[in-house]
Amino acid sequence: FVMPGFKSRYALSDTEQGTLDSMASVSCAVGTLIVGFVCDRFGRRRAILLSLFFDSASGIVQFLPALVPGTTFVTVALYTGRWLKGFGNAFAQVAVPLMIAEAAPAAHRGMLESLYQYAMFAGTLVASLINVGVVGWEYYGWEVSLSSCFLPSALVLLWGVCYLNESPRFLALNGRERNDLSVRVISARRETGDLVLDLELNREEDTGPTAVTVTVDHMGARSGSEV
């Protein structure tokens, strides 16, 4: 949709056009090689926030050519923006399903995973409709098309910073803190089909650790966040 606008305003060679088209796919492939490490080392929440940051940054960077003329700058900005977009896609496609699997109640987990896939296709449809609307614009059509990911990503990023909690499984496995509370799994066992967890809680205001036993029924009535 946007390549005719490039051709009309910039003398891009066939190689540059093909590289620009494939840049997001290449960076997405590279991102999938490191997102697992980021999720395990820094947490699922931070990986999701990073994906939103990459998407927001890509929208800003890809709109810069409309403000700063110059073929060299345009090429660098577009390559950088497409690279950031691919990284955002890679982090989201790994971290979001992982967070859903670890934090959602079992009874609703499949529905939430399906909604995530549905949202991806719905976003693709909205992007295509935007492209159809701006394809005939002589100016700023392709800038609007490529930068349209900024607003939704920025809004969700702001919400995530304020309200998104870390995966309880990540906290338990790594002994990481949530605010002033750290959780460590002492043991896990099955009793009549239910999962029983023996936990050790440490809070700043306590003089010592507190032992807690939590039962998670097999129907998923207790969510990961409650655990």
Side-chain angles (χ1 to χ4, degrees), residues 1-3 5-6 10 12-66 68 70-103 113 116-128 130-131 142-161 164 166-167 169-170 173-174 176:
F1 284 99
V2 299
M3 194 56 70
F6 295 147
Y10 305 105
L12 297 179
S13 65
D14 292 340
T15 301
E16 290 174 327
Q17 294 175 27
T19 303
L20 188 60
D21 283 338
S22 60
M23 185 62 69
S25 298
V26 173
S27 65
C28 185
V30 174
T32 57
L33 299 177
I34 64 174
V35 63
F37 168 78
V38 174
C39 288
D40 288 342
R41 179 66 178 83
F42 301 103
R44 288 68 160 138
R45 177 180 183 271
R46 290 181 179 177
I48 293 174
L49 295 181
L50 273 176
S51 74
L52 295 168
F53 170 78
F54 288 141
D55 274 346
S56 301
S58 72
I60 295 175
V61 171
Q62 291 177 104
F63 191 77
L64 289 179
V68 182
T71 304
T72 301
F73 176 82
V74 167
T75 302
V76 173
L78 291 177
Y79 284 172
T80 304
R82 299 308 294 162
W83 186 270
L84 291 171
K85 181 61 179 175
F87 257 67
N89 290 343
F91 275 64
Q93 290 172 13
V94 174
V96 172
L98 183 60
M99 175 69 88
I100 293 174
E102 294 181 351
E113 293 283 7
Y116 167 70
Q117 298 295 330
Y118 170 77
M120 292 179 60
F121 290 113
T124 303
L125 175 61
V126 172
S128 298
I130 293 175
N131 289 336
W142 59 268
E143 291 95 332
V144 171
S145 175
L146 294 180
S147 62
S148 59
C149 60
F150 165 75
L151 185 59
S153 299
L155 292 176
V156 178
L157 176 61
L158 179 62
W159 171 86
V161 169
L164 182 63
E166 183 54 85
S167 160
R169 184 175 186 272
F170 172 80
L173 291 178
N174 293 272
R176 301 292 291 273

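- In terms of heavy-atom proximity, Val61 sits nearest to Ala77 at CG1-O, 3.1 Å.
- Taking CG from Leu50 and CG from Leu157, the interatomic distance works out to 9.5 Å, rounded to the nearest 0.5 Å.
- Here Leu64 contributes atom CG and Leu78 contributes atom CG; the two are 9.5 Å apart, rounded to the nearest 0.5 Å.
- Judged as a salt bridge (Lys or Arg N to Asp or Glu O under 4.0 Å), the pairs with a partner in residues 75-93 (not counting sequence neighbours) are, in order, Asp55-Lys85.
- Counting all heavy atoms, side chain and backbone alike, Phe170 lies closest to Phe42 at CZ-C, 3.7 Å.
- Shortest non-hydrogen contact noted between Trp83 and Met23 is CE3-SD, 3.4 Å.
- Phe54 CZ to Asn89 CG: the interatomic distance, rounded to the nearest 0.5 Å, is 11.5 Å.
- The closest donor-acceptor contact from the side chain of Ser22 to the backbone of Thr19 lies under 3.5 Å.
- The two residues Ser51 and Ala92 have their closest heavy-atom pair at CB-N, 3.6 Å.
- By the side chain to side chain contact (heavy atoms under 4.5 Å, CB included) test, Val35 pairs with Cys39, Phe91, Val94, sequence neighbours left out.
- In this view, Ser27 satisfies the side chain to side chain donor-acceptor pair (under 3.5 Å) rule with no residue, not counting sequence neighbours.
- The distance from the CD1 atom of Ile100 to the CD1 atom of Ile48 is 8.0 Å, given to the nearest 0.5 Å.
- Panel note: side chain Ser167, backbone Met99; no donor-acceptor pair is recorded below 3.5 Å.
- Exactly one residue among Leu49, Val96, Leu98 makes a side chain to side chain contact (heavy atoms under 4.5 Å, CB included) with Arg44. That residue is Leu98.
- In terms of heavy-atom proximity, Cys28 sits nearest to Ala90 at O-CB, 3.3 Å.
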